Protein chains: 2
Amino acid sequence: MELDKSLVSGSMALLVMKLLEEKDLYGYEMIELMKNRSDDTFHLKAGSLYPLLHGLEEKGYVEAYEQEAAAGKPRRYYHLTKRGHAALSEKEQAWEIYARAVRRVLRGGVCLGEA
Amino acid sequence: MELDKSLVSGSMALLVMKLLEEKDLYGYEMIELMKNRSDDTFHLKAGSLYPLLHGLEEKGYVEAYEQEAAAGKPRRYYHLTKRGHAALSEKEQAWEIYARAVRRVLRGGVCLGEA
DNA sequence: TTGACATATATAGGCTGACTATATATCATA
DNA sequence: TATGATATATAGTCAGCCTATATATGTCAA
């Protein structure tokens, strides 16, 4: 079953920043890592990722620097800033709240805590 | 903390259909029910809901019928069709897959099962 | 009586986020 | 030499939810 793409909306920035929490990465690497970490669920496209990274850079959540690779084009590494860490933390909390609310609704009305 | 609206994208159709699984509802009722069921997390707006319902009707996922209320405007009730039930089931599965993948990424790399 | 508010549905227009398509450039391999 | 993997980038498009606004009825307070 193909994943409904409309479900993916909005959380890519969160997921990308989460990858950057561990270590600096370049774009192409993130695409591969995202695929692996999500157990082949998220196929983040280059055309989605690079504009997203530029947006995060504008907001001051990441900083970029060029680095030569052993072969091929030089790589543009991204580093999560202090502000980025703070934003990531908030987005993680927001995700928790959101996912919990979806679970509540999907669990249906026959449960405790019904308002 | 205000919920990041961009996270909500895409899953409203799923949640609305889930409400309709239990019983027929009219639009205004869904807005209230959604708020209660989600523990005051989802504030679905009328301007989002009604076009969404019309879309579900066009796809044959719901059927509508008018019914007079004790007072005020007649209410437009929505009923989940057989096709709607099937679509709901698929969307629920898609949500499970998506949420699991997000959890995997958020859990980070220092875990078992890393691909 | 009139103004505000809750109930109830509807549409127009805008913003954001992810997509496809395309462009560029290097290197390996067939 | 041409195909594919690596690597980054932008333009244009589409979908989803938003705000703002319109309509209509009933209740309650000033």
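Chain identifiers are assigned alphabetically (A, B, ...) following the order of the sequence lines, protein sequences preceding nucleic acid strands; residue numbering begins at 1 within each chain. These numbers were taken from a predicted model, which means no experiment stands behind them.
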For DNA chain C, note the earliest and the latest nucleotide, 5' to 3', having some atom under 4.0 Å of a heavy atom belonging to chain B.
-> dT7(C) to dT11(C)
Under the side-chain contact (heavy atoms from CB on, under 4.5 Å) rule, collect the residues that match up with Ser38(A), sequence neighbours excluded.
-> Thr41(A), Phe42(A), Ala101(B), Val105(B)
Salt bridge (charged side-chain N to carboxylate O under 4.0 Å, His left out) pairs touching residues 74-86 of chain B, sequence neighbours excluded, are Glu57(B)-Arg76(B), Glu66(B)-Arg76(B)
Is there a residue in residues 44-52 of chain A whose heavy atoms reach under 4.0 Å of DNA chain D, and which residues are they?
-> Ala46(A), Gly47(A), Tyr50(A), Pro51(A)
For Glu32(A), what residues pass the side chain to side chain donor-acceptor pair (under 3.5 Å) criterion, not counting sequence neighbours?
-> none
In whole Å, what is the span from the CZ atom of Phe42(B) to the P atom of dG16(D)?
-> 17 Å
Among all residues two or more places apart in sequence or in another chain, which pass the side chain to side chain donor-acceptor pair (under 3.5 Å) test with His79(A)?
-> Asp24(A)
Under-3.5 Å N/O pairs linking protein and nucleotides 4-6 of chain D:
residue	atom	partner	partner atom	Å
dT6(D)	OP2	Tyr28(A)	OH	2.8

Residues in side chain to side chain donor-acceptor pair (under 3.5 Å) contact with His85(B), at least two apart in sequence or another chain = none
What residues, two or more places apart in sequence or in another chain, satisfy side chain to side chain donor-acceptor pair (under 3.5 Å) together with Glu21(B)?
-> Lys18(B)
Does Lys35(B) pair with Asp40(B) as a salt bridge, N-O distance under 4.0 Å?
-> no
Got a sec, which residues hit ring-ring contact (aromatic ring centres under 6.0 Å, His included) with Tyr65(A), two or more places apart in sequence or on another chain?
-> Tyr77(A)
What residues, two or more places apart in sequence or in another chain, satisfy side-chain contact (heavy atoms from CB on, under 4.5 Å) together with Leu49(B)?
-> Val16(B), Met30(B), Ile31(B), Leu44(B), Leu53(B)
Can you check the Tyr78(A) OH to dA7(D) P distance for me, whole Å?
-> 14 Å
Quick one: list whatever passes salt bridge (Lys or Arg N to Asp or Glu O under 4.0 Å) with Glu63(B), sequence neighbours left out.
-> none
